[in-house]
Amino acid sequence: MTITNSNNPLLAGLNPAQAAAVSHDGGPLLVIAGAGSGKTRVLTRRIAYLIEAKEVHPGSILAITFTNKAAAEMKERVNELVGPIAKSMWVSTFHSACVRILRNHPEALGYRKNFVIYDQDDAEKLISLISSSMGLDTKRFPTRQSASRISNAKSELLGPKELMAKATHIMERKVAEVYAQYQERLLGANAMDFDDLIYKTHELFERYPAILEQYQRRFFHLLVDEYQDTNVAQNALVMQLGERSRNVFVVGDSDQSVYGFRGADMRNILEFEKAFEDVAVIKLEQNYRSTQTILDVANSIISNNQYREAKNLWTDQGSGEKVRLFVGDDDSEESNFIASSILRERETGGRRYSDFAVFYRINSNSRSVEEAFIRRGIPYRVVGGTRFYDRREIKDTMSYLRLIQNPTDEIALRRVINVPKRGIGDQSIAKVATLAAEMGTTLVDALSKYEAAGVTGRAKSGIADFLVLMEALRGHVRDEMPPGELIEAFLDESGYRSELAANDSVDNLSRLDNLSELVSVASEHETLEAFLDASALVAQADQIQGDDVVTLMTVHTAKGLEYPVVFLTALEDGIFPHSRSLYEPKELEEERRLCYVGVTRAREILYLTRANQRSQYGESSLTIPSRFLDEIPPSLIEDVSVRLSYEERRSRYLGDSVVQSASGLSSSTLKRYGTTSNSTKVDSGPRLSVSQLKPGIPVVHGSWGEGVVTAIDGNGDNASVTIRFSSVGSKKLILSYAPLKLA
DNA sequence: GTCCGTAGCTCGGCC
DNA sequence: AGCTACGGAC
């Protein structure tokens, strides 16, 4: 090939920094890519460049992206650039790549080839079983906390022994004990959790240098996107694979690191330069996405972080409009404002619904926006939240499939053994579990010995029926029945479908709909294993589709996406930044990065919204504005809040209650709306004593001393205030009785 | 022993 | 508001 860089079409239209990254010679390269600086473009061109100009075989390329959807898009774009030879390269998430590798060598780590993947829910169920068998007090050892400690240990490559060695407190030692048993039970169940996928691949490479070398030679070029969100284990994996070739091309932006809670460690990107001897660094600061005003807002917010590398986004595409701030009386008014703004801009601004996105910090904030959209007939899609795969009927069915595939899956067995009802209760399961413990086998092995276990009556025949059912279903798999048909067979033969059909409630109808959808998804896969792997690893962002609807999602899920018009909502201290981050400077910086991510998703118009009063956890309380709003220069903001008259507000609440169903809204959403429509009432203004108190204000109590207000509920004489005291923890007090004064 | 309704407790973000 | 723990009915 004689194409030189000066006329290589793969470098056309790139700025000098982008072109330098794409045509990088080889060896380790760190691309610091600010938001909207064209990093996806750089990555795809780089891959195409390797294949065309460097004559690298596509099979020698491993590219890691953050979501499966991003992987599919990248593959398609490379395909457009270089043609179908691109098929043989691996473009996937860390988790998907690891599953692929582990499936090639399951026995090396003591697993069997049909191992299954546990999601967070499964993992917590198993941990909860272990905690109670150890007699741990669930108050002192909440399952979720143990689960997250174990998860964090794995993402830092600490095994049970290492965690025990680090433990300084009895609590930590107990968690390490739970961890050790958890790993044993996972192995016994032939299951891995999400963190295991990375941890075990790293272990595989560490224990079997020959296997590592095989992959080092195969993947001669490594590319990793969103490097700021890698954890210790993922980083170690990259170092293992890249050690030989040193062709490690990483892209990221430390200002967009927002997954600290699951172990993401910004040091991986900040210290990448030290990981290899001669790391080249390229900085992309020119932004091609947003207006300068939006970038100025983003820059001014993020500049408040201490722990960062200085960076300044700029564009040559003009300053655009000011960002718009809206302050509503309550969340319902905030949502109504969002709805009417969308309708107005769609009519007068020539925009489509799909040009708009609404972001929130926590999933529960979607509800009020959804209600407003339903009332106005705005079609929308919520990304994430209660995921499809988290729905009960889907989890039940998937558990059956997993159990068919992998008979030792204890969590799946426990979930479905009495679904549909077969008269097998906790007592009978406990008997089998006792027998299993005596025999030193797994629950599954003991199940067939249910008579010896002393199971009687209905439960006895129930277990017998269950064993027959499972054998019949496994027979279908041996006959190579494809996954879609297998689900149909399960629904009929188990009686699951008839149980749902017996009662035609709205819930059951939508469950049957969901199951049909599951059948059609499953039909796209050839084998049960392929279907199970794919469904275990779907990311929230993978669900985004191209329809003309407004997209609602958390700011986390929005990372990597862009929209012409963005609403960043519920900008209130305690929500965004989240209450659990307020007293932890490092976490507060992560919240700020998250805010930065949200702001930089917007191309043309950015709305920042908040409400003075918000219903949460079933109660309404006063809010205080997000501190991030104070970090924006006022000159960049236009306040578009409208003070409505009482009549206007009244007609807004009562006037347009049209409930329609033509917009693809699920029946459950409509039902939910129907039961919660009159949730908001605003009393005559708060009394002085209430208005003196807001979340975050320090107070002194007559007997408990100093504390901080965390919530205020109710009005007038009934007003109560929740205060976190340093002496006795959180207390809820009736304001008119409590001996309180301002600190 | 299992099933079903009610009371009490928790409530962040995700592959 | 949604899930586990308990008590009564079968």
Side-chain angles (χ1 to χ4, degrees), chain A residues 64-71 92-99 117-121 123-125 128 132 138-139 142-145 148 151 154-155 192-198 226 229-231 233-234 257-264 359-365 367-368 383-387 389-390 392 418 421-431 454-460 462 533 535-543 553-559 570 574-582 587 590-591 593-594 597-598 615-619 672 675-676 679 710-711 730:
Chain A
I64 302 290
T65 57
F66 206 66
T67 63
N68 294 302
K69 185 166 179 273
S92 70
T93 62
F94 271 109
H95 290 88
S96 298
C98 287
V99 171
I117 301 164
Y118 275 8
D119 66 14
Q120 194 171 343
D121 199 47
E124 284 179 16
K125 284 210 165 92
S128 158
S132 47
T138 52
K139 286 267 189 307
T143 302
R144 280 193 70 172
Q145 199 183 316
S148 96
S151 168
K154 283 185 193 176
S155 57
M192 294 196 201
D193 66 18
F194 284 137
D195 304 302
D196 278 337
L197 299 177
I198 314 291
E226 306 279 11
D229 281 318
T230 54
N231 61 32
Q234 290 165 330
S257 174
V258 293
Y259 283 100
F261 67 91
R262 66 173 202 215
F359 301 154
Y360 33 80
R361 175 65 180 81
I362 54 180
N363 277 305
S364 60
N365 283 344
R367 213 203 57 176
S368 118
V383 179
T386 311
R387 295 161 66 234
Y389 285 97
D390 288 338
R392 190 176 76 199
N418 199 32
K421 301 240 176 308
R422 299 186 180 89
I424 308 167
D426 293 344
Q427 297 297 326
S428 301
I429 303 284
K431 283 178 185 169
V455 176
T456 55
R458 264 193 302 170
K460 186 172 153 184
D533 280 355
S535 53
L537 298 173
V538 278
Q540 308 226 18
D542 294 338
Q543 309 159 23
M553 67 188 124
T554 64
V555 193
H556 279 93
T557 304
K559 194 180 66 151
I575 291 188
F576 199 176
H578 192 270
S579 55
R580 298 205 192 176
S581 72
L582 293 178
E587 285 203 40
E590 180 151 314
E591 297 288 311
R593 291 193 293 271
L594 192 59
V597 166
S615 310
Q616 228 193 338
Y617 312 138
E619 287 170 331
R672 195 174 60 181
T675 59
T676 56
S679 60
T710 54
S730 239

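Below, chain A is the first sequence line, B the second, and so on; all start at residue 1.
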Checklist outcome for this item: Output for pair (A:Lys460 NZ, A:Ser428 OG), nearest 0.5 Å, gives 12.0 Å
Next on the checklist: Quick check: A:His556 with A:Phe261 (ring centres under 6.0 Å apart)?
Outcome noted: yes
Next on the checklist: Before you tell me yes or no, could you show the steps for A:Glu591 and A:Arg361 under side-chain contact (heavy atoms from CB on, under 4.5 Å), namely the whole-Å CA-CA distance, both residues' side-chain angles and the distance that decides it to 0.1 Å?
Outcome noted: CA-CA 9 Å; A:Glu591 297 288 311; A:Arg361 175 65 180 81; 2.8 Å; yes
Next on the checklist: For a quick check, with a 4.0 angstrom heavy-atom cut-off, what is the B/S/- contact string for nucleotides 9-15 of chain B, read 5' to 3'?
Outcome noted: --BBBBB
Item to check | Contact state string [nucleotides 1-8 of chain B, B base, S sugar-phosphate only, - no protein heavy atom under 4.0 Å] | outcome: SSSS----
Checklist outcome for this item: Residues at least two apart in sequence or cross-chain that pass side-chain contact (heavy atoms from CB on, under 4.5 Å) with A:Asp533, listed by chain then number, are A:Val99, A:Arg103, A:Ile117, A:Glu529
Item to check | Full working for side-chain contact (heavy atoms from CB on, under 4.5 Å) between A:Thr93 and A:Leu537 | outcome: CA-CA 9 Å; A:Thr93 62; A:Leu537 298 173; 5.6 Å; no
Checklist entry - Would A:Phe359 and A:Phe576 count as a close aromatic pair, with their ring centres under 6.0 Å? => result no
Next on the checklist: Just verifying a value: how many Å separate A:Gln616 CD and A:Ser579 OG, rounded to the nearest 0.5 Å?
Outcome noted: 8.0 Å
